[in-house]
Amino acid sequence: METWRVVATVLFAAAGLPLVLVLMAKARDRTDRSGTVAITGAVAFVVLLLLGVVMLTVLPGVLTWSLLGLIVAALGVMMLAS
């Protein structure tokens with residue numbers, strides 16, 4: 001496994017985990033139901049996990065770094081908007 005794949009995946013996880021928490025907080029603000037918050041968190045975490053595995057194994061370099069940039073930008077926008 002190449003080093004750049006590991007670095008990109010670690011950075012993706014570091015940006016993705018706070019993004020999951022932000023999504024859960026936004027779901028709590030919208031619905032105020034714990035079931036919806038739990039489902040939102042579970043779905044976001046599974047998507048993050050699957051994307052991390054795909055990034056670590058088969059995604060080409062340009063797409064991997066583009067996906068990482070997209071996640072970091074989304075986290076930045078969500079943090080500034082809240």
remark   = Hits for side chain to side chain donor-acceptor pair (under 3.5 Å) against R33, two or more places apart or cross-chain, chain-then-number order -> none
ask   = Looking at G41 and V20, what are the two nearest heavy atoms and their distance?
value = O-CG1, 4.0 Å
query = Is atom CG of D32 surrounded by more than 12 heavy atoms (other residues, nucleotides or ligands) closer than 6.0 Å?
reply = no
Nearest heavy-atom neighbours spanning V37 and A27 = CG2-C, 4.1 Å
ask   = Which hydrophobic side chains are connected to L56, either touching it within the sub-4.5 Å cutoff or through other members that do?
value = M1, V6, V10
ask   = Does the side chain of M78 come within less than 4.5 Å of L23's, by heavy atoms?
value = yes
key: I39: side-chain contact (heavy atoms from CB on, under 4.5 Å) partners, not counting sequence neighbours   = V43
inquiry  = Applying a strict under-4.5 Å side-chain criterion to I, L, V, M, F, W and Y, I'd like to know whether L19 and V54 cluster together.
reply    = yes
Residue list, side-chain contact (heavy atoms from CB on, under 4.5 Å) with L49, at least two apart or on another chain = none
inquiry  = When you group the ILVMFWY residues by side-chain heavy-atom contacts below 4.5 Å and let the links chain together, are W4 and L68 in the same group?
reply    = yes
Set of side-chain contact (heavy atoms from CB on, under 4.5 Å) partners for L51, sequence neighbours left out = F12, V47, L67
request  = Could you pull out the closest heavy-atom pair between A13 and P18, with the gap in Å?
outcome  = O-CD, 4.5 Å
note = In short, salt bridge (charged side-chain N to carboxylate O under 4.0 Å, His left out) pairs touching residues 5-22 with sequence neighbours left out are E2-R5
inquiry  = Please give me the minimum heavy-atom distance between G16 and L48, naming the atom from each residue.
reply    = CA-CD1, 3.6 Å
ask   = Knowing that exactly one of T9, L11, L63 qualifies, which makes a side-chain contact (heavy atoms from CB on, under 4.5 Å) with M55?
value = T9
Side chain to side chain donor-acceptor pair (under 3.5 Å) partners of residues 42-69, not counting sequence neighbours, each pair once = none
inquiry  = Once side-chain contact (heavy atoms from CB on, under 4.5 Å) is applied, do any residues pair with V46, and if so which ones, sequence neighbours excluded?
reply    = L50
